[in-house]
Each structure stands twice: as C-alpha cells, then as structure tokens.
Amino acid sequence: MPTGTTLARLVDEFTANLYQHGIVIDRQSVEREMRDRIAQIADRLRVDPQTVLREHACDSWGRQMSAGVVDQIQSERLLDVAAANMRMS
C-alpha cells in the first residue's frame, strides 16, 4: 500500500529529476499542473485530492512523472530546438 506523499514532495521530485538532466522548469507551473492532474484523478476516483495523495501516490511518483517528460524532451530534441531558436533571436 502506498505511504502517501505531499504535493510539495512530488514537485520537488519532478523538478529535481529534470534538473539532473540539465532541464530547469518553473516550479509554480509544475505545481499547478500536478494539482490539476491530482484533481482529475480525485474526480475519477470520487475522492478528494488529499485522499489521492495519502492513499494512491507514492514517494517516487514525481520522479516517475518526470521520466516521461525527460524522454519526450530528449527524443524530440526540444532543448536543441530551443537553443537554436534563441541563437536566431
């Protein structure tokens, strides 16, 4: 059974994992997106967001969510594209 976690911990895990891959992201944006996703999950489960965090989210959930983002950024070479666009400006 998951031990539960907090939104702050999930955001910390998410942003730390991205940072380890050289990606810096606005913490407030991550927090908003996670809050929205947790609310959607809560709605589907017909529980409140705190119940999702307490009973369904594990400590590594933030890192797991960020793994997909890192994969997408790397596979689509989004950082390379962003750097090239900045040089052109």
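The model shown is predicted, which means the values in this text are computed figures rather than measured ones. Both backbone and side-chain heavy atoms feed into the values below; hydrogens, waters and symmetry mates do not.
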Colleague: Considering non-hydrogen atoms only, spot the tightest contact between Pro49 and Ala42 and give its length.
Modeller: N-CB, 3.7 Å
Colleague: Can you measure from CG (Asp12) to OH (Tyr19) and round to the nearest 0.5 angstrom?
Modeller: 14.5 Å
Colleague: State, to 0.1 Å, how close Leu7 and Met34 come at their nearest heavy-atom pair, and which atoms those are.
Modeller: CD1-CB, 3.7 Å
Colleague: Would you give the length of the straight line joining atom CG of Leu53 to atom CG of Asp48, rounded to the nearest 0.5 angstrom?
Modeller: 9.0 Å
Colleague: Working to the nearest 0.5 Å, report the span between CZ of Arg37 and CG of Leu10.
Modeller: 12.0 Å
Colleague: Roughly how far, to the nearest 0.5 Å, is CD of Glu31 from CZ of Phe14?
Modeller: 12.5 Å
Colleague: Apply side-chain contact (heavy atoms from CB on, under 4.5 Å) to the pair Leu18 and Val24, showing each step before the final yes or no.
Modeller: CA-CA 7 Å; Leu18 289 181; Val24 179; over 6 Å; no
Colleague: Go through the steps for Ile73 and Val69 under the test side-chain contact (heavy atoms from CB on, under 4.5 Å), then give the verdict.
Modeller: CA-CA 6 Å; Ile73 288 170; Val69 173; 3.7 Å; yes
Colleague: Within the distance-only criterion (no hydrogens, no angle test), does the side chain of Thr6 pair as donor or acceptor with the backbone N or O of Arg9 below 3.5 angstrom?
Modeller: yes
Colleague: In Å, rounded to the nearest 0.5 Å, how long is the span from CD of Gln28 to CZ of Arg35?
Modeller: 10.5 Å
Colleague: Give the minimum heavy-atom separation between Cys58 and Thr5, together with the two atoms involved.
Modeller: O-CG2, 4.0 Å
Colleague: Report yes or no: does Thr51 contribute a side-chain atom to a donor-acceptor pair with the main-chain N or O of Val47 at less than 3.5 Å?
Modeller: no
Colleague: How long is the gap from CD1 on Ile25 to CD on Glu33, to the nearest 0.5 Å?
Modeller: 9.0 Å
Colleague: Just wondering, do Arg27 and Val11 contact through their side chains at under 4.5 Å, heavy atoms?
Modeller: yes
